[in-house]
Structure formats: C-alpha cells, structure tokens
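Structure first, commentary second.
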Amino acid sequence: MTTVAIFTALYPPAVKGGGPIRSTEVLAETASSEITPIVITNDHDIGEQKPLSVTTNEWTKRGRAKIRYTSASSLIELIRGCSAVRAERPSLLNFNSFFSAKFTILPLFLWRVGYWGRPILLLAPRGEFGHGALCRRSYKKRLYIWLFRLLGIHRSVVWHSTAAHETADIQREWGPRATIILREEDTLLQSEPLASRQLPRQQPYFVFLGRIVEHKGLDVVLKALKGIDSKVSLDIYGPEEDPAYAALCKELVAGLPTPVSVEFKGTVAPEAACSTLAAYDALLMPTAGENFGHVIAESLSVSCPVFTTPSTPWTEILQSGGGIVVKDREPESWLAAIDRFVALPAPTRAQLRLEAGNAYRSWKGQPQKPHVWTTALQAGQRRR
C-alpha cells in the first residue's frame, strides 16, 4: 500500500476556499485502492475565528482519507502535525499551493534538509503563476521564487497543471524542462445530467455562485444589469472573502433599475451547489480565469446553461451548446449577452437547458486519464 500525503490550507468541511477545496477532496476520493491518502490541513475556514466542527490535532477519518486538522496558528501544533505525517512514511507529498507558508513552504524546507526522506514531490500551483496572480504582492513572491530556485527544489518537483494555459505559465516560470503532468480535475458528479426542469415562468432567473472577490467578476454582472430594461432576477451565492469588494457590489446593487431584482443569499455548502443551480435559467460567471471551474461542471450537470469568459477550459464544451462564451469581461459585452438571452421565449430557454445537459453528457463521456498520483509516482520513479 502506497501512502500519499496532501498538504492543503483548506479541506472539507471548510467551504470558503472555492474550487481547490473540492479538488483536493476529489483527489483523495478517486485515488486507486492501492493508495492510502492522508491529509494535513487547517482547522479553521478562511476568516473564521471559530474552528471547524472537527477533531483537531489528531488523526480522524473523512471518506477515504485520514485527516489531521491542525491548529496551524500554533507553530508547535503545526510541527507536531508534520511529525505525525512523517510517521506515516508517505511515498508522495502533494502540495496544493506554491505560496502557502504553512502547508507548502515550511514542509518543502523540511524536505530540503531531509526531514521526509525521499518522497516524490507533486505541486499544484492552482493558477498562482498566472501574470495577474504574480502581480499581487510581487516582491515577496519573487523573493520566494528566487530562494526556491537557489535551493534547487524546483529540480525535484513534479508540477500538476490542470489546463493548457497553466502549463504555459509553469514553463514560463521554470523553463521547458520542468516535469509537468497536465491532468484535468476530476469530480464526484454523476455521469448523467439531471433532467432539465421545464420552468413555466417568463421572467429569467439568473444565478451567481462563487467567491465574492474581484477575480470572479460579480461587479461585471452588476454593471451590465444596470442597462437592462426587462424584468430579471439575480441571486448571489458565495462567501464575502473581500469585504471592500463585497461593499462595492452592494453599492452597485443599490443603483440598479427597478425591474432588476438582486438578492445576496450567503454561502452554499458544496453538497448543495447542484440542487441550488438546478432552480435557475443560467449561471453568470465573468471570471478572470479558471484552471478548472467546478461550478461550471456542477451547473451543466443539472442542465443549467453557463455564461462565462474564454478564460476557462470549458470554451469548446460551452460553444457546443452548454452556454455562452462572452468575449471579455466588459459590462457592455455582458449586457448584450444577457439581453439576447432575456429576449428568448421561455420554450427556447428550456431547449437551451436540454443542450446544457447534452454538453455535460459529452464532457463526462470523454476517456479519463490515469489519476494524477499514479502518473506522478511513475514520473518520480523515472527521474531517480
């Protein structure tokens, strides 16, 4: 039996980190039966003072994984957690961020001094090498990248990319000889889409479901809706991770015309995302970029069309009938796309739901590559 250790700042039941939380859980749940997944993570969700309702600072079980929810604010408990992971003798260490101080930088420096032995290192940067991401706090990030390279850690890392554009970002940063596994994220979604609901209402009901941060683009939708003359509704679900940005969005809502109804609905638990999306005519997602986009898969799985930008891996699927790819993040472009949708008769919108379900079926039916851990273990062995 092979043990794989996942280092991640957030893991269920945490919900505020968006897609990466689901990605790490799916990694553990879909691994080969010959692999034992163990997880070390934080015992708090983002911005919360109260710990998660979990057993802390000792091993517990969730699904297939053995998990240690650590009081990471205590360096002593974090070191104890690392010691507990080392006792499991993992063959592969899987990091789910490049810049996480506690769950990547610390354990990688411990690896550099021989603390972990000789496990294979798999690192998923989760979009952190994109131009926009590197511009934020760029001095500290560049300093760490320089130190990472100086210590030669990059020569031992297998990179996990989930999209072609992320592969290009990794190669730009670490050179064409970097060992990269391009493997799209898995999901725990059903193989067949939920049957389309024939909604009898004439008024379109839109939904935004995601973290309320600039990257996800809620303000783009709200600025677009300012130009709508028809009666439409938008429900907003997601944690307000950036209070200043959330306040800006609420100001925009206050200035919307009377026919437009907008309501903030709060955070949705991941297990309730699909049932929530099923009640709407379309998901609006003006993202600045996604390496995967779990909410897109979830929306299509319940036959809910998706409006998003070209900066996701879903462009081809959506253009085949799963939704609308809006050319950019300009409010004028989104206003035009929404206006066209609003003008459609209800039966046509119902047909679009059927097409969204068909697009999901086509995507889900694609041949699956081997699990990324299986590939990484093989790649790591070849490099030795």
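Please read these numbers as outputs of a predicted model, since none were measured by experiment.
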Say you draw a straight line from [atom1] of [X] to [atom2] of [Y]; how long is it, rounded to the nearest 0.5 Å?
X    : Y    : atom1 : atom2 : result
H294 : L209 : NE2   : CG    : 13.0 Å
L218 : D242 : CG    : CG    : 11.5 Å
T309 : D328 : OG1   : CG    : 9.0 Å
H44  : T56  : NE2   : OG1   : 9.5 Å
H160 : T375 : NE2   : OG1   : 9.0 Å
I35  : R64  : CD1   : CZ    : 8.0 Å

Heavy-atom pair of closest approach, residues [X] and [Y]:
X    : Y    : answer
K216 : R211 : CG-O, 3.2 Å
N96  : I6   : ND2-CG2, 3.3 Å
F208 : L284 : CD1-O, 3.4 Å
R183 : P370 : NE-O, 2.9 Å
S100 : A9   : OG-CB, 4.5 Å
S230 : V260 : O-CG2, 4.5 Å

Discussion item. Set out, in order, the CA-CA distance, both residues' side-chain angles and the distance that settles side-chain contact (heavy atoms from CB on, under 4.5 Å) for N94 and L27, then state yes or no.
Written reply: CA-CA 10 Å; N94 186 180; L27 280 173; 3.5 Å; yes
Worksheet item: Are E184 and T162 close enough, and set up right, to give a side-chain hydrogen bond (donor to acceptor under 3.5 Å, both in side chains), and what steps lead you there?
Response: CA-CA 5 Å; E184 184 183 69; T162 59; over 6 Å; no
If the plane angle is over 60° it's perpendicular, under 30° parallel, otherwise tilted; pick one for [X] and [Y].
X    : Y    : value
W334 : F307 : tilted
W363 : Y360 : tilted
W159 : F98  : tilted

Discussion item. Please tell me whether F109 and Y115 form a close aromatic pair, meaning their ring centres lie under 6.0 Å apart.
Written reply: no
Worksheet item: Is the distance between the ring centroids of Y205 and Y280 under 6.0 Å?
Response: no
Practice prompt. Go through the steps for V4 and I38 under the test side-chain contact (heavy atoms from CB on, under 4.5 Å), then give the verdict.
Written response: CA-CA 6 Å; V4 172; I38 63 174; over 6 Å; no
Heavy-atom count check: over 12 atoms from other residues, nucleotides or ligands less than 6.0 Å from [X] [atom1]?
X    : atom1 : value
K61  : NZ    : yes
E316 : CD    : no
Q366 : CD    : yes
L143 : CG    : yes

Using only atom types and a distance under 3.5 Å, with no angle test, would you say the side chain of [X] pairs donor to acceptor with the backbone of [Y]?
X    : Y    : answer
R149 : H154 : no
R112 : F148 : no
D281 : F206 : no
T36  : T3   : no
W59  : Y69  : no
T30  : V26  : yes

Tell me, do [X] and [Y] make a side-chain contact under 4.5 Å, heavy atoms counted?
X    : Y    : result
Y237 : T276 : yes
I180 : W174 : no
T2   : W373 : no
P259 : V232 : no
T8   : P20  : no
S97  : R126 : no
F7   : V39  : no
P193 : S301 : no

Verify the distance criterion only: is there a donor paired with an acceptor across the side chains of [X] and [Y] at less than 3.5 Å?
X    : Y    : answer
D186 : H371 : no
E290 : T287 : yes
T258 : K231 : no

Between [X] and [Y], does at least one N-O distance fall below 4.0 Å, as a salt bridge requires?
X    : Y    : answer
R62  : E25  : yes
R68  : E58  : no
K327 : E332 : no

Discussion item. My understanding is that only one of L121, I105, L122, V157 makes a side chain to side chain contact (heavy atoms under 4.5 Å, CB included) with F95; could you say which?
Written reply: L121
Fill in: L108 vs W116, side-chain contact (heavy atoms from CB on, under 4.5 Å): CA-CA, chis, key distance, verdict
CA-CA 9 Å; L108 274 177; W116 303 106; over 6 Å; no
Practice prompt. Kindly indicate, with the supporting measurements, whether the criterion side-chain contact (heavy atoms from CB on, under 4.5 Å) is fulfilled by D43 and T70.
Written response: CA-CA 5 Å; D43 67 349; T70 303; over 6 Å; no
Practice prompt. Decide whether V268 and L234 are clustered together by the hydrophobic rule: side chain heavy atoms of Ile, Leu, Val, Met, Phe, Trp, Tyr closer than 4.5 Å, transitively.
Written response: no
Worksheet item: Which residue pairs pass the side-chain hydrogen bond (donor to acceptor under 3.5 Å, both in side chains) test with at least one member in residues 73-89, sequence neighbours excluded?
Response: K66-E88, E77-R80
Discussion item. Does anything in residues 217-229 form a side-chain hydrogen bond (donor to acceptor under 3.5 Å, both in side chains)? List the pairs, not counting sequence neighbours.
Written reply: D219-K223, D219-Y245
